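Hydrogens, waters and symmetry mates are skipped; everything else that's a heavy atom, side chains included, is used. Worth saying up front: this structure is predicted, and the values here are computed from it rather than measured. Proteins come first, then strands; the chains are lettered A, B, ... in the order of their sequence lines, and each starts at number 1.
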Amino acid sequence: MVQTNNINKQKLLILSGATAVGKSSLAIQIAKQINGEIISADSMQVYRHLNIGTGKVTQEEMSGVEHYLIDIVNPDFNYSVANFVSDAEAAINLISAKGKIPIITGGTGLYINALLNGFNLSRTPGSETIREKLNDRILNEGSQKLHEELKNIDPESAEKISVNDAKRIVRALEIYYLTGQTKSEVSQKNPESNYDYLFFVLDDERAALYERINNRVDKMMQQGLEAEVRSLYQYKNCNSMQAIGYKEMVKHIDSEISLEKAVDQIKQGSRNYAKRQITYLKWMQAEKEWVTCNDISKVMPKINIFLG
RNA sequence: GGACGGGUUCCCGAGUGGCCAAAGGGAGCAGACUGUAAAUCUGCCAGCUCCGCUUUCGGUGGUUCGAAUCCACCCCCGUCCA
């Protein structure tokens with residue numbers, strides 16, 4: 001472990017992993033033992049009313065442990081990494097002011113990465129209007145055309161972004177047209193993290209994980225996922241509704257697919273998502289401890305050593 | 001019993017004499033990733049001693065220089081007529 005210059009840094013516990021591995025409940029258990037509070041790093045649990053499908057912990061399950069960044073915006077809000085980083089920093093300060101330990105838990109790797117590695121998002125703002133225009137151009141001119149454009153402006157980024165990756169092409173161009181600087185110039189990360197953290201990744205055998213996911217989706221259906229999505233139907237075009245479990249259910253409500261098919265797609269989508277989460281976690285630069293989720297006994301000793 | 005339609009690589013599904021190890025999609029695996037990230041995108045995907053070879057397209061036999069594609073019989077499946 002690299003523990004240089006960590007003496008004065010804020011201590012953080014990170015707990016991540018694929019969907020349905022059991023992060024939330026483990027986090028609560030840990031919080032109780034070390035007098036900690038939980039900050040959710042989940043791009044969908046920030047939305048109010050998206051409860052069943054996002055696998056939010058209930059008030060009861062929280063059993064008194066304070067949770068942050070859950071239910072903080074309405075479903076029509078477009079939450080982003082930038083919001084997360086500032087919200088999470090604020091929560092960290094709040095928790096630490098109470099003399100407690102912040103535990104970051106969630107499956108949105110990008111969010112955790114941005115927080116830990118000090119992405120400087122303030123230098124790369126966003127602009128809905130510019131983005132919209134760019135998106136229109138992609139539709140009309142094709143992504144290849146805009147990729148060419150990016151190549152002239154920021155060859156370094158163009159090199160890394162696929163010609164087909166419309167989203168990233170748009171974003172890179174957006175940064176340039178908004179700030180006059182290229183994405184590659186502006187998006188440097190801090191050389192060193194602001195935090196002293198202990199990072200656990202919960203994992204399991206792939207087959208077991210996939211099975212757990214399938215079961216969890218069945219459970220969500222029993223809990224009334226369909227009704228929940230119906231009650232949120234008005235938001236069907238919002239970002240929040242692109243969450244797995246919601247977009248498929250909307251298709252069913254719109255009579256595009258049968259209920260059975262929707263459920264299958266939710267399971268399939270969740271499995272694919274889990275795969276991507278794991279890939280991101282593997283890729284992400286940070287010291288990590290991979291823990292098999294049914295063998296978490298060795299987690300506490302390490303935490304105790306870490307906290308001193 | 002009769003009339004058609006069909007059985008293709010893990011699944012769906014193109015292919016109807018050579019350009020076919022066989023389109024396309026899905027799944028799976030691996031990867032990328034700095035303001036939509038539960039999103040978006042990329043690669044691999046019969047096997048091998050891998051610029052060539054070997055085994056695949058329900059089964060068996062045949063026609064042909066050559067078949068997943070044509071013929072015969074057989075085995076399943078679906079629809080229809082009795």
Round to the nearest Å and state the distance from [X] atom [atom1] to [N] atom [atom2].
X: A:Tyr280; N: B:U42; atom1: OH; atom2: C1'; result: 17 Å
X: A:Glu132; N: B:G35; atom1: CD; atom2: C1'; result: 15 Å
X: A:Ile278; N: B:C33; atom1: CD1; atom2: C1'; result: 16 Å
X: A:Ile130; N: B:U36; atom1: CD1; atom2: C1'; result: 16 Å
X: A:Ile213; N: B:A27; atom1: CD1; atom2: C1'; result: 14 Å
X: A:Arg131; N: B:U34; atom1: CZ; atom2: P; result: 13 Å
X: A:Gln45; N: B:A37; atom1: CD; atom2: P; result: 14 Å
X: A:Lys275; N: B:G31; atom1: NZ; atom2: C1'; result: 8 Å

Within 45° cone and under 6.0 Å: A:Lys11 NZ/CZ vs A:Phe306 ring: yes
Given the [atom1] atoms of [N] and [M], what is the spacing between them in whole Å?
N: B:C57; M: B:A46; atom1: C1'; result: 12 Å
N: B:A14; M: B:G6; atom1: C1'; result: 15 Å
N: B:G58; M: B:C75; atom1: C1'; result: 8 Å
N: B:C11; M: B:C53; atom1: C1'; result: 29 Å
N: B:C70; M: B:G7; atom1: P; result: 11 Å
N: B:U69; M: B:G15; atom1: P; result: 15 Å
N: B:G2; M: B:G66; atom1: P; result: 35 Å
N: B:G13; M: B:U60; atom1: C1'; result: 27 Å

Counting any heavy atom closer than 4.0 Å, what does [X] reach on the DNA or RNA strands: base, sugar-phosphate only, or nothing?
X: A:Thr124; result: base
X: A:Ser270; result: nothing
X: A:Arg276; result: base
X: A:Tyr111; result: sugar-phosphate

Nearest to side-chain heavy atoms of [X], which nucleotide of [options]:
X: A:Ser80; options: B:U42, B:A32, B:G35; answer: B:G35
X: A:Val81; options: B:A37, B:C33, B:G35; answer: B:G35
X: A:Arg206; options: B:U34, B:U40, B:C29; answer: B:C29
X: A:Tyr210; options: B:U42, B:G28, B:C33; answer: B:G28
X: A:Thr279; options: B:U36, B:U34, B:C33; answer: B:C33
X: A:Met44; options: B:C41, B:U34, B:A37; answer: B:A37
X: A:Arg271; options: B:C29, B:G35, B:G28; answer: B:G28

Aromatic plane relationship, A:Phe199 with A:Tyr197 - under 30° parallel, 30 to 60° tilted, over 60° perpendicular: perpendicular
Mutual orientation of the aromatic rings belonging to A:Tyr111 and A:Phe84 [parallel < 30°, tilted 30-60°, perpendicular > 60°]: parallel
Donor-acceptor contact below 3.5 Å, side chain A:Ser270 vs main chain A:Ile213: no
Using a cut-off of strictly less than 4.0 Å, decide whether [X] has a side-chain nitrogen or oxygen near OP1 or OP2 of [N].
X: A:Arg171; N: B:U34; answer: no
X: A:Arg168; N: B:U36; answer: no
X: A:Tyr79; N: B:G35; answer: no
X: A:Lys282; N: B:G31; answer: yes
X: A:Asn272; N: B:G28; answer: yes

If only side-chain N and O atoms count, and only distance matters, is there a donor-acceptor pair under 3.5 Å linking [Y] with [X]?
X: A:Tyr280; Y: A:Asn113; value: yes
X: A:Asp42; Y: A:Thr108; value: no
X: A:Thr129; Y: A:Glu132; value: no
X: A:Thr54; Y: A:Gln45; value: no

Assigned partner base of [N], Watson-Crick or wobble definition, under 3.5 Å:
N: B:G78; answer: B:C4
N: B:G24; answer: B:C12
N: B:A68; answer: none
N: B:C29; answer: B:G43

Whichever of A:Ala166 and A:Leu110 has its nearest RNA chain B nucleotide further upstream toward 5': A:Leu110
Of A:Asn164 and A:Gly109, the one whose closest RNA chain B nucleotide lies more 5': A:Gly109
More than 12 heavy atoms from other groups under 6.0 Å of CD on A:Glu211: no
Sole candidate of A:Val217, A:Asn214, A:Ile257 that passes side chain to side chain contact (heavy atoms under 4.5 Å, CB included) when paired with A:Val263: A:Val217
Test item: A:Thr292 and A:Asp204 side chains (from C-beta on) under 4.5 Å apart, heavy atoms: yes
RNA chain B contacts made by residues 242-268 of chain A, counting heavy atoms under 4.0 Å: A:Gln242, A:Ala243, A:Ile244, A:Lys247, A:Gln268
